[in-house]
Amino acid sequence: MDNEQILDDIGALVEEERALRQRTGGLLPEERERLAELEVRLDQCWDLLRQRRAKAEFGEDPDTAALRPASEVESYRN
């Protein structure tokens with residue numbers, strides 16, 4: 001996956017996230033679950049993009065960057 005593909009994925013995820021957040025009347029349980037999934041997936045995508053950009057900046061192959069597990073990416077917040 002290259003940077004453009006990652007950015008496209010981020011755009012689609014953000015669009016879906018916004019649509020859920022803009023719903024009036026509250027979210028159904030499955031919608032709240034989907035929103036939580038979107039947040040994690042967005043964090044993973046941004047992390048992957050940052051990895052790729054850092055590798056490219058320092059002369060490494062950006063294609064060696066890998067999607068990190070949700071548990072790892074989510075722990076960055078703490």
Side-chain angles (χ1 to χ4, degrees):
M1 190 180 284
D2 66 19
N3 291 2
E4 288 303 314
Q5 291 170 313
I6 296 169
L7 287 168
D8 288 346
D9 283 354
I10 288 170
L13 293 167
V14 166
E15 200 172 299
E16 185 178 353
E17 179 187 37
R18 281 185 186 149
L20 284 171
R21 290 189 186 280
Q22 291 176 351
R23 285 187 42 117
T24 56
L27 297 175
L28 299 171
E30 59 269 14
E31 292 170 323
R32 283 192 297 275
E33 185 177 318
R34 178 61 183 155
L35 186 58
E37 291 170 2
L38 289 169
E39 291 169 349
V40 170
R41 181 70 181 138
L42 277 165
D43 289 343
Q44 288 177 303
C45 286
W46 281 116
D47 176 68
L48 180 58
L49 187 61
R50 282 189 294 271
Q51 285 182 64
R52 289 182 56 81
R53 287 176 173 170
K55 286 180 177 284
E57 181 179 344
F58 291 99
E60 296 179 33
D61 181 2
D63 290 335
T64 62
L67 190 68
R68 293 180 178 150
S71 59
E72 184 177 345
V73 173
E74 292 304 292
S75 70
Y76 296 159
R77 294 181 183 179
N78 298 329

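As a basis for the values below, the full set of heavy atoms in this structure was taken, side chains included, without hydrogen atoms, waters or symmetry mates. We're numbering straight along the sequence, starting at 1.
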Over 12 foreign heavy atoms within 6.0 Å of CD, Glu31: yes
Qualifying residues under salt bridge (charged side-chain N to carboxylate O under 4.0 Å, His left out), relative to Arg53, sequence neighbours excluded: none
Distance (rounded to the nearest 0.5 Å) between Arg68 CZ and Glu74 CD: 13.0 Å
Those residues that, when tested against Arg32, pass side chain to side chain donor-acceptor pair (under 3.5 Å) (two or more places apart): none
Qualifying residues under salt bridge (charged side-chain N to carboxylate O under 4.0 Å, His left out), relative to Glu4, sequence neighbours excluded: none
Please report, to 0.1 Å, the donor-acceptor pairs under 3.5 Å made by any side chain of residues 58-66, with sequence neighbours excluded.
unit_1 : atom_1 : unit_2 : atom_2 : d
Glu60  : OE1    : Lys55  : NZ     : 3.4
Asp61  : OD1    : Asp63  : N      : 2.9
Asp63  : OD1    : Arg52  : NH1    : 3.0
Thr64  : OG1    : Lys55  : NZ     : 3.4
Thr64  : OG1    : Asp61  : O      : 2.7

Note: Glu37-Arg34 ion pair, threshold 4.0 Å (strictly below): yes
Glu30: side chain to side chain contact (heavy atoms under 4.5 Å, CB included) partners, not counting sequence neighbours: Leu28
Exercise: do Gln5 and Asp9 side chains pair donor with acceptor under 3.5 Å: no
Other cluster members, Met1 - Ile/Leu/Val/Met/Phe/Trp/Tyr, side-chain contacts below 4.5 Å: Ile6, Leu7, Ile10, Leu13, Val14, Leu20, Leu27, Leu35, Leu38, Leu42, Trp46, Leu48, Leu49, Leu67
